Amino acid sequence: MDRMDTAEDLGRARDLVASAGRIVALTGAGVSTDSGIPDFRGPNGLWTRNPAAERLSNLQAYISSKEVREESWRARTGHPGWLAEPNAAHRALVDLERGGRLHAIITQNIDRLHQKAGSDPDRVIELHGTMFDTVCLGCGDRRDMQEALQRVRAGESDPPCRACGGILKSATISFGQALDAEVLDRARTGALWCDLMLVAGSSLTVQPAAGLVGIAAGAGATVIVCNASETPYDSCASAVLRGPLSDVLPALV
Ligand code: NAD
C-alpha cells in the first residue's frame with residue numbers, strides 16, 4: 001500500500017547512505033518517468049494503460065509476427081527516449097558517484113539517461129541493453145539504431161539486416177531472451193561486493209534483475225528501496241521511501 005514518507009524514514013535512509021562505503025544502485029523505469037519516458041507497470045505505465053502492448057516486448061512474438069515487428073518499429077521511431085533529458089534523480093546519482101561512494105549503477109533502463117546525466121559510462125551496467133543500437137537476430141551484426149530508423153522513415157516498415165537479410169531488433173533484452181552473460185556477471189559481482197544497494201524506480205518484478213537485491217541482502221548489504229509502489233523486496237529493506245524519485249534521491253545524497 002502507498003504511504004507518505006516521514007521525516008524519520010528519510011533521516012534513517014540518509015544515515016544509511018552517509019555511512020556506506022561501497023554503494024551500488026539498481027535502477028528501473030521509474031527513474032526516467034520524470035524525464036517523460038513512461039514506465040511499464042506504474043499508474044501511467046504503458047502496460048497499465050494498454051496491456052496488449054506487452055507483446056511488443058516478447059521475443060517469440062517479435063520473431064513470429066511481422067505485424068508485431070512493424071508495430072515495434074513505429075514505436076521506436078516515436079520513442080520519447082530520443083529527446084529525453086536526465087532529471088534530478090539521475091543527477092543525484094552523479095553527485096553520489098563524484099563523492100566517491102557510488103561504484104556502479106546497474107540499470108534495467110535502455111535510455112542511456114544515466115550516462116547523459118554524467119555518470120561514468122564504465123560504471124553503468126546496462127542489464128537490459130540499449131535502444132541506441134540494433135542487433136541482427138540472425139548474424140549478430142550490430143549498428144547504430146538511427147540508421148534503421150532512417151530506413152523506417154523512408155518507407156521500410158520492417159527493415160531487414162543489411163549484412164544477412166535476417167530480423168533486426170533493438171539491442172535490448174525482450175522477455176524470452178537471455179541476458180548477456182558477461183553483463184549479468186558484472187551485475188552479480190557488484191551485488192555481492194556492495195555494502196549498500198540503493199534501489200530506485202523498479203517494481204522488482206523482472207528476473208534476474210530483481211534477484212540482485214536478494215543477492216546483495218544475502219551477502220550482508222543494507223538495502224534501501226525507493227519506489228512509489230510496493231515491491232516484493234520491501235521486506236528485506238532497512239528503509240523504504242515512496243516519494244517521487246526526483247525529490248527522494250537528491251534528498252538522500
Ligand atoms: P516497472 O515499470 O516494472 O516499474 C517501475 C516502478 O517505478 C513502478 O513500481 C512505479 O510505481 C515506480 N515509479 C514510476 N515513476 C516513479 C517516480 N517518479 N518516483 C518513484 N517511483 C516511480 O519498471 P522496471 O522495474 O524497470 O521493469 C520494466 C522493464 O521495462 C525493464 O526491463 C526495463 O528494461 C524496461 N523499460 C525501460 C524504460 C526506460 O529505459 N526508461 C522504460 C520502460 C520500460
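We're numbering straight along the sequence, starting at 1. These figures come from a predicted structure and were not determined experimentally. All heavy atoms count here, side chains included; hydrogens, waters and symmetry mates do not. Order of appearance sets the numbers: ligands from 1, and atoms from 1 within every ligand.
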Does [X] have more than 12 heavy atoms from other residues, nucleotides or ligands lying within 6.0 Å of its [atom1]?
X	atom1	value
Glu182	CD	no
Arg14	CZ	no
Gln146	CD	yes

Any idea which heavy atoms bring [X] and [Y] closest together, and the distance?
X	Y	result
Cys136	Cys164	SG-SG, 3.5 Å
Cys194	Val24	CB-CG2, 3.6 Å
Val135	Gly140	CG2-O, 3.7 Å

In the protein, what heavy atom is nearest to [atom], and what distance, to one decimal place, separates them?
atom	answer
atom 11 (O) of ligand 1	Ser229 OG, 2.9 Å
atom 41 (N) of ligand 1	Asp111 OD2, 2.8 Å
atom 19 (N) of ligand 1	Leu245 N, 3.1 Å
atom 34 (O) of ligand 1	Gln108 O, 2.4 Å
atom 28 (C) of ligand 1	Arg41 NH1, 3.4 Å
atom 40 (O) of ligand 1	Ile110 N, 2.8 Å
atom 13 (N) of ligand 1	Gly30 CA, 3.7 Å
atom 10 (C) of ligand 1	Asp39 OD2, 3.5 Å

Polar-atom distance check: [X] versus ligand 1, any N or O pair below 3.5 Å?
X	result
Phe40	yes
Ala29	yes
Ile37	no
Thr205	no
Pro43	no

Can you name the atoms of ligand 1, numbered from 1 with element, that are less than 4.0 Å from a heavy atom of [X]?
X	value
Pro244	19 (N)
Gly201	5 (C), 6 (C), 7 (O)
Gly28	26 (O)
Ser203	1 (P), 3 (O), 4 (O), 5 (C), 6 (C), 9 (O), 25 (O)

For ligand 1, is there an atom lying under 4.0 Å from some heavy atom of Gly45?
no

Non-hydrogen atom of Gly243 closer than 4.0 Å to ligand 1:
yes

I'd like to check the side chain to side chain contact (heavy atoms under 4.5 Å, CB included) partners of Asp34; sequence neighbours left out, ordered by chain and number.
Asn87, Ser246

Could you pull out all residues at least two apart from Asp120 that satisfy side chain to side chain contact (heavy atoms under 4.5 Å, CB included)?
Glu97, Asp122, Arg123

Quick one: CG on Leu10 to CG on Asp247, what's the gap to the nearest 0.5 Å?
10.0 Å

Calculate, to the nearest 0.5 Å, the distance between atoms CG and OG1 belonging to Leu245 and Thr27 respectively.
9.5 Å

May I have the step-by-step check of side chain to side chain contact (heavy atoms under 4.5 Å, CB included) for Leu102 and Val253, ending in yes or no?
CA-CA 10 Å; Leu102 178 66; Val253 307; over 6 Å; no

Relative to atom 42 (C) of ligand 1, which among Ser32, Ser35, Pro38, Gly36 owns the nearest non-hydrogen atom?
Pro38

Identify which of Arg242, His128, His79 has a heavy atom lying nearest to atom 32 (O) of ligand 1.
His128

If we check side-chain contact (heavy atoms from CB on, under 4.5 Å) with Leu241, which of these qualifies: Val199, Leu252, Val225?
Leu252

Between Thr33 and ligand 1, which part of the residue brings a heavy atom under 4.0 Å of the ligand: side chain, backbone, both or neither?
side chain

Tell me, do Pro38 and Pro80 make a side-chain contact under 4.5 Å, heavy atoms counted?
yes

